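Start at 1 and go down the list; that is how both ligands and their atoms are numbered. If you're wondering where the values come from, they're calculated on a predicted model, not measured in any experiment. Just so you know, these numbers use all the heavy atoms, side chains as well, and skip hydrogens, waters and symmetry mates. Numbers here simply count residues along the sequence, with the first being 1.
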Amino acid sequence: MKELKGQDFLGIANFSANDIRDLLQLAGDLKSGKTTITCNKILGLLFYKASTRTRVSFTVAMYQLGGQVIDLNPNVTQVGRGEPICDTARVLDRYLDVLAVRTFKQEDLETFAKFATIPIINALSDLEHPCQILADLMTIQECFGTLSGLTVTYLGDGNNVANSLLLGCALLGINVRFATPPGYELDDKIIEYGRAIAGDRSEIILTEDPVAAVKGVQVVYTDVWASMGQENMADERMPIFQPYQVNGALLNEADPDAIVLHCLPAHRDEEITDAVIEGKQSRVWDQAENRMHAQKALLATLLGLV
Ligand code: CP
């Protein structure tokens with residue numbers, strides 16, 4: 001995987017299927033202690049939006065690798081006062097070894113990548129959340145021992161998580177279904193790109209019918225109905241998304257051994273019931289933990305440590 005050194009991770013499809021398989025293997029080996037990696041590198045975290053999991057998992061991952069982290073909160077750095085990204089990127093490039101950015105616009109990430117030579121990581125944008133999907137794929141593989149022959153269903157808003165999930169599943173040949181209300185479908189270009197990547201290796205189904213979407217599947221996945229920055233739309237979305245709630249009745253339509261994933265934070269009794277997230281099929285805490293292992297493998301890969 002050495003050829004990935006210096007490459008950016010702006011979207012899940014920046015990696016090939018083999019890159020992702022290697023990364024998941026490394027993440028598992030790091031988690032089990034089979035592999036240890038040490039470095040003396042510096043990670044910058046520039047987050048324009050709130051975060052618990054991504055911020056803490058990246059920080060702990062880098063500390064465990066022996067590196068250090070600088071929190072570049074826009075409230076206390078000049079980017080928050082309007083310093084252009086092209087200038088910020090070239091300056092940070094001189095100090096840091098890798099930079100993770102959480103931003104409102106994918107375009108901003110691309111600007112960072114254009115003006116910095118260090119790897120730029122998408123820590124969530126309006127278009128994608130690729131680090132989340134690495135942890136999701138790792139969790140699915142841990143639960144089933146394979147990624148082959150599985151079907152994943154995502155219910156709810158066709159948001160950044162859904163976009164990356166579609167591309168990640170398409171890359172790895174996992175069948176995937178998305179049940180979204182009319183008007184809340186995934187990004188058209190992502191669907192087209194996902195279909196091109198998948199070819200005839202996996203089936204991509206887009207539907208408005210949540211019951212049909214979960215019939216017999218092995219993984220049931222959901223996310224909040226109103227993402228960060230959309231809080232003022234939460235009330236109007238509630239009745240539209242209600243049929244897509246992951247509850248006991250809907251989960252009964254899935255494979256009896258199906259697992260339930262949620263990228264968190266969750267709104268209990270909105271997109272997922274309290275009983276389901278706390279139930280025996282829920283794997284959300286393993287999924288959250290795997291953010292750290294997957295991102296440790298990502299950092300090690302992008303920094304050329306493996
Ligand atoms: N899933 C996720 O990205 O969580 P945070 O927003 O807390 O980082």
Should the heavy atoms of other residues, nucleotides or ligands under 6.0 Å from CD of Gln68 be counted, would the total exceed 12? no
When you look for protein heavy atoms under 4.0 Å from ligand 1, which residues do they belong to? Ser51, Thr52, Arg53, Thr54, Arg102, His129, Gln132, Cys263, Leu264, Arg291
Where at least one partner belongs to residues 200-219, residue pairs that pass salt bridge (charged side-chain N to carboxylate O under 4.0 Å, His left out), sequence neighbours excluded: Lys215-Glu253
Aromatic rings Phe15 and Phe9: how do their planes relate, parallel, tilted or perpendicular, breaks at 30° and 60°? tilted
With His293 as partner, the option from Gln295, Arg291, Glu289 fulfilling side-chain hydrogen bond (donor to acceptor under 3.5 Å, both in side chains) is Glu289
Between Ser125 and Gln106, is any side-chain donor less than 3.5 angstrom from a side-chain acceptor? yes
Any luck finding a side-chain donor-acceptor pair between Asn247 and Thr273 under 3.5 Å? no
